[in-house]
Amino acid sequence: MSSNPVAVTVASLMPRAKEELTELVAFKSVADFGQFAREESEGAARWIAAALTAEGFQDVALLDTPDDTQSVYGYLPGPEGAKTVLLYAHYDVQPPLDEAGWTTPPFELTERDGRWYGRGTADCKGGVIMHLLALRALKADSGVPVNVKVIVEGSEEQGTGGLERYAEEHPDLLTADTVVIGDAGNFRAGLPTVTTTLRGMTLVRVRIDTLEGNLHSGQFGGAAPDALAALVRVLDSLRAEDGSTTVDGLNGDGAWQGIQYEDEQFRKDAKVLDGVELIGSGTVADRIWARPAVTVLGIDCPPVVGATPSVQASARALVSLRVPPGVDAAQATELLRAHIESHTPWGARVTTEQIGQGQAFRADPASPAYQAMADAMAVAYPGQEMQYAGQGGSIPLCNTLAALYPKAEILLIGLSEPEAQIHAVNESVSPDELERLSVAEALFLRNYAGGAA
């Protein structure tokens, strides 16, 4: 990478980083305790607490958050009068989905073709290791020049807001001059990027009922109202002919002004099948960073295997709506629910239930911390200029921190570049990205404290 002492140290620590990430990935820490054992998440939390303690952190604690999960906190004091930086990551992960679709077991870190595969390698257990690498490199060189707080969340993927509510109830805990959120990613591998906007999100569960019970489709089909058919109609109403999201009353014509995402590159990153069109209008960047996007996450209905010739009495769906900065997530939730209710056909009974929500986020890239990060990225990625991009995903904690600490600068970096395939089967992390971003974070902490890179 370079002869920079910090870079040399990080390179020497990479074998240890692989071992630690292997241990952390092995925890099946999905914060849905109806599907995965609570002990898996609690084991991951204890692992992180032990790692922070071993690095000399004080006040290390497992925080019991209001959503019945645990976040891990620790404080590493720096020189007297130093600035304070909060480093964030999360240890909970998405379910592995179809385990048969994984080339190697999802909870076993496996090296293949220069990448490390496993659920959470990039999102976001790799972020935990990135923070540890950066701090270790500084300690081995000239010491950590700032006060460091680390918070590792246990339920980010569930969107249940436990850490947000805990932070609001304990407003002094996470105070900092700058926050580094290690849960974003480079625009593409090898191109240093900070994320300046995040879309917000709402999750709504929909249930439609039409009959007291299922009926024989030959005897009653054609006149008896089918709940599944009604649900399909409702879900279809959420998209225009070109696939654009259409929620009554919700603006969908935002435009992105920063780095652009070429159609062909997006098709490659998203692995769109040949001949299948992209959906929506405007640029790709408009569609994924500046406009709302609805996704049907799941439908409760009979599977094809074992299905009977029946008119369905009830059907359910889980609907996600991503909303761009400038749109209030609570208002978007009400618009989505009203749209679903007004577009339910045949007088069918419909109920909607909000089960998760997070506001969109917009950072201030003109703040001094961004220059410190740009200088650090220039060393970690020689010859590359730091880019500013949006992200279609949501990190609800960002807005909570911005509201609690309005003077704090917030930067988003991380390991989730397109090849990482986060939330999908065969998630992976590039060890080169882990190494370079760890160097960048270490040098950022030094730059931000006022030292030279």
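Since the model is a prediction, treat every value here as computed from it, not as a measurement. Positions are given from 1 along the sequence.
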J.: Checking Q158 side chain against G154 main chain: does a donor-acceptor pair fall under 3.5 Å?
T.: no
J.: Could you give me the CA-CA distance, side-chain angles and deciding distance for L235 and V206, then say whether side-chain contact (heavy atoms from CB on, under 4.5 Å) is met?
T.: CA-CA 10 Å; L235 299 179; V206 184; 5.6 Å; no
J.: Hey, could you give me the CZ/CD1 distance between R16 and I129, rounded to the nearest 0.5 Å?
T.: 9.0 Å
J.: Please find the pair of heavy atoms, one from Y370 and one from I410, that lie closest to each other, and give the distance.
T.: OH-O, 2.8 Å
J.: Taking C-beta and beyond as the side chain, do L52 and L132 meet within less than 4.5 Å on heavy atoms?
T.: yes
J.: Measure the spacing between CD of E111 and OG1 of T104 and express it to the nearest 0.5 Å.
T.: 11.5 Å
J.: Step by step, would you call L86 with L401 a side-chain contact (heavy atoms from CB on, under 4.5 Å)?
T.: CA-CA 10 Å; L86 174 67; L401 296 178; 4.1 Å; yes
J.: Could you check V180 against E441 for side-chain contact (heavy atoms from CB on, under 4.5 Å), going step by step and ending with a plain yes or no?
T.: CA-CA 9 Å; V180 178; E441 182 169 281; 3.6 Å; yes
J.: So do S41 and T69 actually touch side chain to side chain, heavy atoms under 4.5 Å?
T.: no
J.: Rounded to the nearest 0.5 Å, how far does CG of D32 lie from CD of Q94?
T.: 10.0 Å
J.: Looking at every non-hydrogen atom in both residues, tell me the closest pair between Y91 and A45 and how far apart they are.
T.: OH-CB, 3.7 Å
J.: With distance as the sole criterion, is a donor-acceptor pair present between the side chains of T178 and Y448 under 3.5 Å?
T.: yes
J.: Locate the shortest heavy-atom distance separating A332 from V327; write the atom from each residue and the value.
T.: CB-CG1, 4.2 Å
J.: Would you mind telling me which of L321, T295, L336, L238 makes a side-chain contact (heavy atoms from CB on, under 4.5 Å) with T245?
T.: L321
J.: State whether the side chain of R291 and the backbone N or O of S281 hold a donor-acceptor pair below 3.5 Å, judged by distance alone.
T.: yes
J.: What I want to find out is whether R38 reaches D68 closely enough, with some N-O distance under 4.0 Å, to be called a salt bridge.
T.: yes
J.: Side-chain contact test, heavy atoms from C-beta onward, threshold under 4.5 Å: evaluate it for R287 versus L278 and give yes or no.
T.: yes
J.: Side chains of E164 and T400: is there a donor and an acceptor less than 3.5 Å apart?
T.: no
J.: Specify the closest pair of heavy atoms between W256 and D286, including all atoms of both residues, with the distance to one decimal.
T.: N-OD1, 2.6 Å
J.: What are the two closest heavy atoms between L411 and A369, and how far apart are they?
T.: CD1-CB, 3.6 Å
J.: For atom NZ of K149, is the number of surrounding heavy atoms from other residues, nucleotides or ligands below 6.0 Å larger than 12?
T.: yes
J.: Do L318 and I355 touch side chain to side chain, with heavy atoms closer than 4.5 Å?
T.: yes
J.: Working to the nearest 0.5 angstrom, can you tell me the gap between S155 OG and Q70 CD?
T.: 11.0 Å
J.: More than 12 non-hydrogen atoms from neighbouring residues, nucleotides or ligands closer than 6.0 Å to CD on Q58, yes or no?
T.: yes
J.: Does this structure show an ion pair linking R188 with E262, if we count only N-O contacts that are shorter than 4.0 Å?
T.: no
J.: Verify, without hydrogens or angle tests, whether S416 (side chain) and G414 (backbone) share a donor-acceptor contact under 3.5 angstrom.
T.: no
J.: Sub-3.5 Å donor-acceptor pair from the side chain of K125 to the main-chain atoms of L24, do we have one?
T.: yes
J.: So, for A329 and Q357, which heavy atoms are closest and what is the spacing to 0.1 Å?
T.: O-OE1, 3.6 Å
J.: Please examine the side chains of W289 and P324, heavy atoms only from C-beta on, and report whether any two atoms are closer than 4.5 Å.
T.: no
J.: Find the distance between OH (Y388) and CZ (F187) and round it off to the nearest 0.5 Å.
T.: 15.5 Å
J.: Could you grab the distance from atom CD of Q387 to atom CD1 of I259, nearest 0.5 Å is fine?
T.: 4.5 Å
J.: Report the C-alpha distance between L135 and L445 in whole Å, list the side-chain angles of each, state the deciding distance to 0.1 Å, and finish with yes or no for side-chain contact (heavy atoms from CB on, under 4.5 Å).
T.: CA-CA 9 Å; L135 296 173; L445 294 173; 4.0 Å; yes
J.: Less than 4.5 Å apart, side chain to side chain, heavy atoms only: is that true for M14 and L133?
T.: yes
J.: Evaluate the side-chain proximity of M377 to I413: yes if any heavy-atom separation is below 4.5 Å, no if none is.
T.: yes
J.: Look only at the side chain of N426 and the backbone of T103, and say whether a donor-acceptor pair between them is shorter than 3.5 Å.
T.: yes
J.: Determine yes or no for a side-chain-to-main-chain donor-acceptor pair under 3.5 angstrom, with N147 supplying the side chain and A82 the backbone.
T.: yes
J.: Would you say the side-chain atoms of S430 pair up with the backbone N or O of E433, donor to acceptor, closer than 3.5 Å?
T.: yes
J.: Is there a donor-acceptor pair under 3.5 Å between the side chain of Q421 and the backbone N or O of V425?
T.: yes
J.: Is there a donor-acceptor pair closer than 3.5 Å between any side-chain N or O of W116 and the backbone N or O of T121?
T.: no
J.: As a test of understanding, state which of I151, I48, L397, D92 forms a side-chain contact (heavy atoms from CB on, under 4.5 Å) with S71.
T.: I151
J.: With a 4.0 Å cut-off, would you call E39 and R46 a salt bridge?
T.: yes
J.: So, does R322 use its side chain to make a donor-acceptor pair with the main chain of R199 at under 3.5 Å?
T.: no
J.: Is there a side-chain contact between L437 and N186, using heavy atoms and a 4.5 Å cut-off?
T.: yes
J.: Can you tell me if E169 has over 12 outside heavy atoms packed within less than 6.0 Å of its CD?
T.: yes
J.: Pick one: which of E40, E99, E427, E157 meets salt bridge (charged side-chain N to carboxylate O under 4.0 Å, His left out) with R119?
T.: E427
